[in-house]
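Since we're looking at a predicted model, the values are computed, not measured. For ligands, and for the atoms within them, numbers begin at 1 and follow the listed sequence.
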Amino acid sequence: MTGSLFPRDRDRAELGTGAVHVPGWLDFDAQRGIVEACRQWAIGPVPMRAAVLPGGHPMSVQTVCLGWHWQPYKYTRTADDVGGGRVAEVPDWLITLGRRALAEAYGAPGQPGYAPELWKPEDYTPDTALINYYAHGAHMGMHQDKDEKSSAPVVSLSIGDTCIFRFGNTSTRTKPYTDIELGSGDLFVFGGPSRFAYHGVPKTLPGTADPDCGLAQGRINITLRMTGMS
Ligand code: SIN
Ligand code: MN
């Protein structure tokens with residue numbers, strides 16, 4: 001399966017309670033629209049950059065943020081490491097998409113299997129989005145998303161090249177973990193007991209994206225989050 005071109009027959013999977021993978025959730029129109037929005041956000045008002053880790057090494061992934069500016073390991077209103085400007089707001093359409101993503105993953109009122117204990121879609125108002133671009137060779141080490149003061153789920157959208165996504169456990173960055181492929185248009189949600197699971201991207205698989213997605217090279221990942229900050 002690894003390296004397969006344009007896989008379309010993958011199944012929805014639950015990797016743990018609250019961790020749901022929905023392959024091919026975004027159609028190509030939606031993917032192209034998001035890619036175009038990302039191109040604009042990458043220019044500014046705060047340009048996309050490689051965040052620098054505390055040891056002084058830049059990440060291999062490039063990031064631009066909405067709502068709140070993230071740098072390891074904090075959120076600030078102004079992008080103090082990238083010129084001091086204020087990042088663009090999270091647009092309403094992206095908040096709505098985040099709510100639809102939660103309804104897809106955890107169900108909605110009146111639907112069989114609705115899991116409001118994980119999070120109710122109507123209570124999901126992401127106030128930040130981290131847009132990551134993976135050029136060929138970029139990767140992300142195992143980490144927890146724990147700079148947020150809220151335990152609201154993280155909604156992850158992928159466009160472009162397929163990656164290997166490693167989803168682990170909440171206590172150690174090592175095994176047990178599961179490797180899955182996140183392809184273009186895939187949704188992954190992690191919340192509830194899985195919210196603070198370690199996860200990472202060991203590698204992307206260049207040349208695996210269908211050009212109809214709107215991205216000729218590399219991989220975009222958007223994570224929507226609630227910071228719990230005001
Ligand atoms: C992240 O962990 O913030 C990004 C994950 C991904 O690129 O799929
Ligand atoms: Mn993360």
Side-chain angles (χ1 to χ4, degrees), residues 2 10 13 15-16 18-26 31 34-35 38 41-42 48-53 58-75 90 94 98 101 105 126-170 172-173 177-191 194-206 208-209 213 215 217-228:
T2 298
R10 297 165 302 133
L15 276 65
V20 182
H21 177 208
V22 186
W25 185 64
L26 294 168
Q31 293 177 48
I34 292 171
V35 169
C38 290
W41 292 323
M48 180 168 257
R49 91 314 186 195
V52 177
L53 294 165
M59 294 175 71
S60 58
V61 170
Q62 298 195 68
T63 307
V64 65
C65 313
L66 304 177
W68 289 86
H69 179 72
W70 177 83
Q71 57 176 302
Y73 294 95
K74 61 181 178 191
Y75 288 101
V90 182
L94 197 50
D127 62 341
T128 192
L130 272 58
I131 296 131
N132 288 323
Y133 179 70
Y134 294 71
H136 177 33
H139 56 91
M140 193 178 286
M142 291 294 274
H143 65 279
Q144 293 167 294
D145 290 355
K146 59 177 184 184
D147 299 328
E148 302 78 24
K149 299 185 195 309
S150 162
S151 59
V154 175
V155 166
S156 155
L157 303 168
S158 297
I159 301 176
D161 284 336
T162 298
C163 78
I164 305 300
F165 181 69
R166 180 163 290 171
F167 195 74
N169 61 86
T170 53
T172 158
R173 52 169 39 84
Y177 52 67
T178 306
D179 284 352
I180 62 169
E181 291 189 357
L182 287 184
S184 200
D186 286 14
L187 165 67
F188 191 86
V189 175
F190 52 107
S194 297
R195 171 61 179 81
F196 296 103
Y198 282 88
H199 58 279
V201 176
K203 64 176 178 178
T204 62
L205 306 175
T208 46
C213 75
L215 191 66
Q217 285 179 25
R219 169 177 187 261
I220 290 174
N221 175 261
I222 300 180
T223 47
L224 304 180
R225 308 153 187 231
M226 288 174 65
T227 63

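Side-chain contact check for Tyr73 versus Leu53: some heavy-atom pair is nearer than 4.5 Å. Residues Lys74 and Asp147 form no side-chain contact, since every pair of their non-hydrogen atoms from C-beta on lies 4.5 Å or further apart. Contact check for Asn221 versus Phe188: no side-chain heavy atoms found under the 4.5 Å cut-off. Looking at heavy atoms from C-beta onward, Arg219 lies in side-chain contact with Val201 at the 4.5 angstrom threshold.
Pairs of residues two or more places apart, or lying in two chains, never qualify as salt bridge (Lys or Arg N to Asp or Glu O under 4.0 Å) while including a residue from residues 129-142. The side-chain hydrogen bond (donor to acceptor under 3.5 Å, both in side chains) pairs that include a residue from residues 128-141 are Thr63-Asn132, where partners are two or more places apart or lie in different chains.
The nearest protein atom to atom 7 (O) of ligand 1, hydrogens excluded, is given as Tyr134 OH, 2.5 Å; this is a heavy-atom distance. Annotation: atom 1 (C) of ligand 1 to nearest protein heavy atom, Met140 SD, 3.5 Å. Atom 4 (C) of ligand 1 has as its closest protein heavy atom Asn221 OD1, 3.5 Å.
With no hydrogens or angles considered, no side-chain donor-acceptor pair links Asp186 and Ser158 at under 3.5 Å.
Taking only non-hydrogen atoms, the option from His199, Arg219, Arg225 nearest to atom 3 (O) of ligand 1 is Arg225.
Heavy-atom contacts from other residues, nucleotides or ligands closer than 6.0 Å to CD of Gln144 number more than 12.
Close N/O approach between Thr223 and ligand 1 is not found [any backbone or side-chain N/O within under 3.5 Å].
Using a 4.0 Å cut-off to heavy atoms of Val201, the atoms of ligand 1 that qualify are 6 (C), 7 (O), 8 (O).
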Just distance, no hydrogens or angles: give the donor-acceptor pairs under 3.5 Å from side chains in residues 163-170, sequence neighbours left out.
| unit_1 | atom_1 | unit_2 | atom_2 | d |
| --- | --- | --- | --- | --- |
| Arg166 | NE | Asp179 | OD1 | 2.8 |
| Arg166 | NH1 | Tyr177 | OH | 3.4 |
| Arg166 | NH2 | Asp179 | OD2 | 3.0 |
| Asn169 | OD1 | Ser171 | N | 3.0 |
| Asn169 | OD1 | Ser171 | OG | 3.2 |
| Asn169 | OD1 | Thr172 | N | 2.8 |
| Asn169 | ND2 | Thr172 | O | 3.4 |
| Asn169 | ND2 | Thr174 | O | 3.2 |
| Asn169 | ND2 | Pro176 | O | 3.0 |

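Around the Mn ion (ligand 2), the protein contributes the following N, O or S atoms at distances under 2.8 Å: His143 NE2, Asp145 OD1, His199 NE2.
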